[in-house]
Number of protein chains: 2
Amino acid sequence: MTQRIRIKDIAQKAGVSPGTVDRVLHERGNVSAKARAKVKEALQSLDYSPNVLASILAYNKNWKIAALLPRDDHDQFWSQPKEGILNALKAVKDYGIIVDFFQFYENDLKDFHHQCNLILEGQYEAVIITPIFTEQSLSFLECLELNNTPFVQINTLLNTEFEHQICYIGQDSYHSGKLGAKLLAFGVEDGQKVMITHLEELVYNSQHLIDKEQGFKDFFSALPSKSIEVVTSHFANPYHQSGLRQFFKAQLEEHPEIKGIFVTTSRGFRVVKALDEIKRQDLKVVGFDLIDENVQLLIDEKIDFLINQNPYKQGYLAIINIFNFLIRKISPVSHQFLPLDVVMKENATYYSDRKIEEIPIVL
Amino acid sequence: MTQRIRIKDIAQKAGVSPGTVDRVLHERGNVSAKARAKVKEALQSLDYSPNVLASILAYNKNWKIAALLPRDDHDQFWSQPKEGILNALKAVKDYGIIVDFFQFYENDLKDFHHQCNLILEGQYEAVIITPIFTEQSLSFLECLELNNTPFVQINTLLNTEFEHQICYIGQDSYHSGKLGAKLLAFGVEDGQKVMITHLEELVYNSQHLIDKEQGFKDFFSALPSKSIEVVTSHFANPYHQSGLRQFFKAQLEEHPEIKGIFVTTSRGFRVVKALDEIKRQDLKVVGFDLIDENVQLLIDEKIDFLINQNPYKQGYLAIINIFNFLIRKISPVSHQFLPLDVVMKENATYYSDRKIEEIPIVL
DNA sequence: TAAAAATTTGTGTGCGCACACAGTATTTGG
DNA sequence: CCAAATACTGTGTGCGCACACAAATTTTTA
């Protein structure tokens with residue numbers, strides 16, 4: 001029964017009242033130099049650390065947080081950070097943390113802008129943002145800077161210096177591109193080609209896609225053993241299946257040496273579908289994200305590898321970091337790169353089943 | 001500012017005193033049927049959930065937990081679950097959780113037995129055990145059953161039914177063997193051979209090694225495209241480097257078709273060293289665990305893949321689950337299989353750097 | 001039917017901390 | 001040198017809950 005040191009114990013040791021200790025701890029001033037010295041010494045020698053439970057209970061304050069994410073009704077990927085946020089919330093709700101969601105249509109700049117304004121009006125104490133539109137996100141973050149509102153970036157990193165940025169949580173996109181290249185290279189011989197495909201509207205307004213492409217290309221240009229050419233392509237509307245089919249047909253006719261495709265978004269399953277339709281099941285496919293359709297194709301051996309971006313964990317950690325920052329006054333590591341999980345048929349279930357991840361919630 | 005519902009609110013709504021509500025919540029009896037009904041209804045309609053902070057604070061009780069692990073002064077692997085336990089502890093120490101470590105020499109049955117006895121004498125409220133010796137662990141767990149002491153198994157699973165087992169946390173060894181086989185198969189052609197090597201003294205008293213071997217063999221016997229023979233071997237003393245060299249020399253001379261080696265323990269780096277000494281750098285090597293020596297060889301491209309057993313997380317989750325079980329009265333999922341991480345040169349740093357994992361600590 | 005016993009209910013205290021306020025010591029200025 | 005201003009210090013209350021104990025009510029018994 002190691003007795004924990006309380007403020008009262010410090011006060012006794014220093015020969016002052018608990019109130020004085022409290023003043024020193026919170027730097028509220030109104031403490032004589034002599035008393036402060038005695039208290040500081042007692043704190044040191046008894047190795048005091050506050051009982052956070054009691055502290056929070058006494059604070060009796062709520063913290064409002066805004067979460068700006070794409071809507072998850074069309075794209076299963078975006079339901080995962082949301083789920084992570086909601087689960088982390090279970091862990092910290094007794095600490096007074098409240099989250100409001102602001103979700104925008106993934107291709108709708110105006111909607112994004114609108115949601116940003118709603119957040120600015122709402123007076124939040126911290127913001128979680130998925131800055132998938134580079135320019136618009138930058139101007140929003142500048143507003144937050146002016147408001148002294150701290151924020152966390154998840155999923156996509158805008159690598160600008162901000163005073164009030166708490167941290168970035170997500171993948172190292174550049175290295176995920178490199179890893180994708182390595183995985184694709186397993187099945188590709190000297191002299192053959194590989195293709196990198198972005199299925200996205202505004203590719204070059206999306207930093208993470210640019211970074212993935214760079215990593216992918218750098219891997220192949222640094223390969224000593226084989227010479228493999230990289231074909232770059234993008235297709236704006238991933239929901240237009242017949243267009244997608246035409247697109248791949250044309251690309252593959254132009255480059256018959258292509259043996260593998262790297263899909264930089266979570267739409268790998270659409271690519272496989274298009275390839276199926278044009279009877280090209282022979283190509284290696286490496287994609288991103290464990291959404292149901294992709295995992296099924298992994299099991300069916302139509303996708304070779306998926307790289308997991310840990311979207312669930314991104315949301316979870318965003319809340320935890322905000323909690324640490326706001327309440328525990330702990331400044332976290334500024335760039336938190338989540339693991340680049342290599343998912344294949346043999347280990348897929350251990351990633352897509354999230355039952356374990358929900359357990360570690362500490363109330 | 002969503003006002004949280006307190007016991008006081010329930011009492012008011014039900015027209016009774018807070019004491020009565022408390023009695024209903026904790027099923028302490030001494031409540032009339034009428035009062036109980038009113039309280040239960042109020043609890044339902046107001047959707048009460050207790051403020052755990054306040055609850056724990058008022059309990060003012062400590063929980064003693066024993067952790068039985070191999071010593072970590074010879075084997076870096078075992079320092080990781082310990083580290084996980086210590087970090088989880090930071091998260092829950094304010095809830096009154098205290099851990100004592102009992103560490104035994106990894107090859108010393110007597111020492112194991114001795115540590116078990118110390119735990120039994122110590123009156124612990126829960127136990128974390130690494131049951132690497134099957135028989136001896138079973139008899140220890142039976143003692144815990146008699147004492148009504150709940151426990152968590154980590155790392156190795158003894159798949160027996162126990163009444164007081166909280167859960168198992170660790171890898172699915174069988175499937176990790178299968179995964180290892182798949183990874184090794186990338187570099188092996190039809191008609192060639194692969195070897196599985198156990199570097200351990202008491203192989204067949206260690207359930208996880210048996211399971212890995214089975215998974216490994218099952219993969220190759222189910223392979224439709226190629227026919228690859230599996231050579232099974234074990235070497236008792238991993239610290240005897242010259243013996244190890246002799247051992248591999250003999251094995252590889254007997255089976256010159258061997259193109260890859262699967263090492264079922266964390267001693268892959270010793271295998272590579274032995275292979276280096278007999279000038280066989282051409283073999284593919286797949287091993288386990290991100291200990292420094294292994295990671296270095298991964299970066300040097302002398303080990304092709306490592307499978308991460310997440311030992312840190314095992315320790316971390318053990319504490320969290322015990323916390324949930326003892327304090328929050330939540331019975332967790334009985335078998336928590338951690339992901340089978342595929343680690344290679346390109347993503348190694350994202351696994352071996354544990355700075356992020358330490359952040360999510362709540363509290 | 002009254003007293004004793006058993007059952008049910010309400011009140012008060014403490015967990016460790018944050019913060020308000022009252023109380024005491026020190027400094028300043030006329 | 002004394003009052004007023006200022007600087008410092010101690011005490012008390014509440015956060016929501018668990019639990020002990022006192023008070024009130026009902027039931028049992030003679």
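What's counted below: heavy atoms across the whole structure, side chains too, no hydrogens, waters or symmetry copies. As the structure is a computational prediction, the values presented were derived from the model and not from experiment. Sequence lines set the chain letters: A, B, ... in the order given, protein chains first and strands last, and positions in each chain run from 1.
A:R6 has its CZ atom 13 Å from the P atom of C:dG14, to the nearest Å. Counting to the nearest Å, the C1' atom of D:dC8 and the NZ atom of A:K38 are 12 Å from each other. Rounded to an integer number of Å, the gap from B:N60 CG to C:dC15 P is 7 Å. Summarising the geometry, the separation between CD1 on A:I327 and P on C:dA18 is reported as 13 Å, rounded to the nearest angstrom. Per the geometry, NE2 belonging to A:H26 stands 10 Å off P belonging to C:dC17, to the nearest Å.
A:L57 comes within 4.0 angstrom of a nucleotide base, judged by non-hydrogen atoms across all strands. A:D22 comes within contact range of at least one nucleobase, with a heavy-atom separation under 4.0 Å.
Distance from the side chain of B:A35 is smallest for C:dT9 among the nucleotides C:dG16, D:dG10, C:dT9. Of all nucleotides listed (C:dA18, D:dC17, C:dT8), C:dA18 comes nearest to the side chain of A:S55. Closest contact between the side chain of A:N30 and the listed nucleotides D:dA18, D:dT11, D:dC8 involves D:dC8. Here the side chain of A:V16 is nearest to one of C:dA18, D:dG10, C:dG16, namely D:dG10. When distances are taken from the side chain of A:S17 to each of C:dG16, D:dT9, D:dA18, the shortest belongs to D:dT9.
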(request) Apply side chain to side chain contact (heavy atoms under 4.5 Å, CB included) to A:Q115 and A:L118, showing your working. (result) CA-CA 5 Å; A:Q115 301 296 334; A:L118 288 178; 3.7 Å; yes

(message) For a side chain to side chain contact (heavy atoms under 4.5 Å, CB included) check, start with the C-alpha distance between B:Q314 and B:Q309, then their side-chain angles and the critical distance, and finish with the verdict.
(response) CA-CA 8 Å; B:Q314 291 178 16; B:Q309 308 207 58; 4.2 Å; yes

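Counted by atom type alone, B:N87 and B:Y312 present one or more donor-acceptor pairs between their side chains at under 3.5 Å. In the model, B:D72 has a side-chain atom that pairs as donor or acceptor with a side-chain atom of B:Q103 under 3.5 Å.
Proximity of B:Y48 to the phosphate of D:dG16: no side-chain N or O atom is located under 4.0 Å from OP1 or OP2. The phosphate of D:dG10 (OP1 or OP2) has a side-chain N or O of A:T20 nearer than 4.0 angstrom. For C:dT9, one of the phosphate oxygens OP1 or OP2 lies less than 4.0 angstrom from a side-chain nitrogen or oxygen of B:S32.
Across the interface with DNA chain C, nearest-nucleotide mapping of B:G19 and B:Y59 shows B:G19 to be the residue nearer the 5′ end. Between B:V31 and A:R23, the residue whose closest nucleotide on DNA chain C is further toward the 5' end is B:V31.
Across B:W63, B:F102, B:F151, a single residue satisfies ring pair (Phe, Tyr, Trp, His ring centres under 6.0 Å) together with B:Y124, and that is B:F102.
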